[in-house]
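Following: one structure in structure tokens, then a few remarks.
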Amino acid sequence: MAASKHVLQAPKGMRDFFPEDMAIRQHLERAWRSAAVRHGFEEIGGPTFEHLDLFKIKSGEGIVSELFSFQRSGGDTDYALRPEFTPTLARMAASKGRSLPLPTKWFAIPDLFRAERPQRGRLREHRQWNVDLLGAPGPDADAEVIAVAIAALRGLGLGSSDVRVRISHRGAAAGLLSACGVVDDRMADAFSLVDRREKVPPDVFATQAAAIGLDAQGVARLDQIAACRLPATTPPATIAEQQRLPVESVSDLAALSLELDKRGLLPFCEWDLGIVRGLAYYTGTVWEIHDAEGVFRAIAGGGRYDGLVELFGGPSMPACGFGMGDVVLALLLEERGLLDPAHGVGTPRPDVFIVSSGDDKAEALFTPLATSLRDAGLHVRHTFKAGRNVGKQLKEASGHHARFAIILGEELANGIIVVKDMSSGEQAKVPHGDLAAWLQRRLAGHAAERPSCEP
RNA sequence: GCGACCGUAGCUCAGGGGUAGAGCACCUGGUUGUGGUCCAGGAUGUCGCGGGUUCAAAUCCCGUCGGUCGCCCCA
């Protein structure tokens with residue numbers, strides 16, 4: 001069968017990763033993994049696809065149309081590529097039952113799939129960093145997962161002027177909606193409406209608000225309060241007082257505020273009761289991380305979901321965590337100029353590029369030398385072209401950004417190898433037997449600027 | 001699922017019924033033992049794919065596959 005052209009393109013919304021793309025992805029994953037491990041989280045993994053029904057437990061039948069689901073040829077079991085990691089995590093936690101030590105701190109970096117129309121910041125396959133803290137009910141746990149997220153972003157060069165954690169709380173939001181006139185049994189609809197507030201034209205918003213018991217005055221008040229974002233340095237009690245909300249509705253936020261302050265995170269945070277993120281699922285704190293200007297989609301989203309593990313058949317336990325995707329994050333880093341070699345992003349630079357003058361002695365030594373230097377732990381490259389023009393080989397070395405070129409030429413007769421520092425142009429004559437040690441000594445000086453993933 | 005715009009050389013794009021173009025990148029030479037700069041020369045296309053209109057289609061029309069950006073949704 002001849003290959004038709006469209007089959008030779010990546011499927012819609014899927015990405016190819018060339019070396020420079022992998023360098024970016026590894027840069028993100030390095031920062032994620034480092035932040036998680038420093039905060040005491042352990043990495044887990046799970047299957048790329050699960051039983052289709054697993055994904056219905058948390059999200060209902062409506063999720064199915066947004067999944068890539070399938071049956072094995074000839075089989076009748078429904079599977080689906082995972083659209084999120086949380087069900088797998090909850091299944092894993094539930095399967096340990098009461099033997100799971102609490103608290104348990106887990107993270108994962110899965111690729112996730114969803115059958116949606118791709119658009120800016122949303123693709124059909126992406127990597128998402130998931131961090132979950134199981135078994136800890138207090139605000140210190142909420143603060144800790146926020147701290148992990150911020151630590152990773154800081155590791156990528158983003159500061160408090162670049163990103164903002166917008167924090168809300170189910171209790172505070174419910175108090176707010178009650179004060180605006182929403183009755184308790186329409187609360188879920190009200191959350192849904194608030195979540196769409198910025199995307200719905202004002203007149204449509206007013207019409208829908210009326211349907212859940214909000215009069216014009218209530219809508220106006222809701223709109224004003226929900227649009228109001230305050231620095232996290234504002235005490236939640238003050239907000240409750242100003243907005244005439246019950247003080248107990250913000251008690252969790254007040255406790256969280258203290259924990260954030262201990263960690264120096266208040267400059268990164270703000271209170272934003274307009275964040276609801278499907279509050280039917282979250283049970284307490286809810287937050288999203290956005291770029292400070294709010295021009296991109298959310299970089300991360302998380303919160304507290306104490307009913308999760310029980311929902312998946314495990315013991316009841318408190319839980320909080322978040323997910324952070326690679327797509328929006330990379331867009332922001334690119335826009336901020338944080339994806340260049342100065343920030344540790346790039347394909348690995350060769351330590352040495354071996355250049356042969358082409359004479360017999362050089363050709364005989366060429367491959368054994370490359371092998372011994374590689375065995376010594378060096379990143380070694382050389383030309384594969386037939387021509388042994390020294391100038392062309394140096395050009396190739398330069399194109400690969402090699403740190404040193406070693407030139408095998410007539411000096412070999414005296415056991416001498418010429419080593420050229422490609423950035424300074426300086427050349428040294430090094431005895432053949434000393435070469436590996438000499439290079440390692442000189443390369444140690446470059447260690448600080450070498451990506452940390454390299455040995 | 002709905003809508004808008006886009007698809008031409010490896011890359012970024014110009015050309016909008018009449019011979020397929022530019023810049024960058026690439027290759028060769030100047031320079032068979034010294035790179036990034038420079039100079040000269042060279043190669044490169046089913047104009048995404050399929051169909052239609054026309055004497056003639058990269059160009060106009062329909063469909064399709066991709067891409068981008070909005071909606072829906074965002075677990």
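Each chain gets a letter, A, B and so on, in the order the sequences are listed, and its residues count up from 1.
- The pair A:Arg114-A:Glu66 fails the salt-bridge criterion, with no side-chain N (NZ, NE, NH1 or NH2) lying under 4.0 Å from an Asp/Glu carboxylate O.
- Rounded to whole Å, the separation between the P atoms of B:U46 and B:U37 comes to 30 Å.
- Distance CE (A:Met14) to C1' (B:G67): 15 Å, rounded to an integer number of Å.
- In this structure, CZ of A:Arg122 is placed 16 Å from C1' of B:U68, rounded to the nearest angstrom.
- Nucleic acid contact for A:Glu396: none, since no nucleic acid atom lies under 4.0 Å from a heavy atom of the residue.
- Straight-line distance between the P atoms of B:C24 and B:G30: roughly 23 Å, to the nearest whole Å.
- Here A:Glu411 lies in heavy-atom contact (under 4.0 Å) with a base.
- A:Glu426 places its CD atom 15 Å from the C1' atom of B:U34, with the value rounded to the nearest Å.
- Comparing B:G33, B:G67, B:G35 by their closest approach to the side chain of A:Met422 singles out B:G35.
- For A:Asp16 and B:G10, the CG to P distance is 17 Å, given to the nearest whole Å.
- Protein atom CD of A:Gln119 is 20 Å distant from nucleotide atom P of B:C6, rounded to whole Å.
- Rounded to a whole angstrom, the distance from the C1' atom of B:C55 to that of B:G70 is 43 Å.
- Listed candidates were B:G36, B:G33, B:G66. Nearest to the side chain of A:Lys12 is B:G66.
- The side chain of A:Arg117 has B:G1 as its nearest neighbour among B:U34, B:G29, B:G1.
- Using the Watson-Crick or G-U wobble rule with both distances under 3.5 Å, B:C69 pairs with B:G3.
- Listed nucleotides: B:G66, B:G33, B:C69. Nearest to the side chain of A:Arg120: B:C69.
- Here the C1' atom of nucleotide B:G35 and the CG atom of A:Asp421 are 13 Å apart, to the nearest Å.
- We find that CZ of A:Arg124 is positioned 11 Å from P of B:C65, with the value rounded to whole Å.
- The distance between atom CG of A:Asn389 and atom C1' of B:U34, rounded to the nearest whole Å, is 9 Å.
- For B:G70, the base adopts the anti conformation, since its glycosidic angle falls more than 90 degrees from zero.
- Closest approach of A:Leu52 and A:Ser69 over heavy atoms only: CD1-CB, 4.1 Å.
- Comparing the C1' positions of B:A57 and B:G52 gives an interatomic distance of 11 Å, to the nearest angstrom.
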Requested in this report: Apply side-chain hydrogen bond (donor to acceptor under 3.5 Å, both in side chains) to A:Thr383 and A:Gln393, showing your working.
Outcome: CA-CA 7 Å; A:Thr383 191; A:Gln393 291 180 76; 5.6 Å; no
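- A salt bridge is defined here as a Lys NZ or Arg NE, NH1 or NH2 lying under 4.0 Å from an Asp or Glu carboxylate O, and A:Asp306 with A:Arg304 meets this definition.
- Taking both residues in full, the closest heavy atoms of A:Ser59 and A:Glu84 are given as OG-OE2, 3.8 Å, listed atom of the first, atom of the second, then distance.
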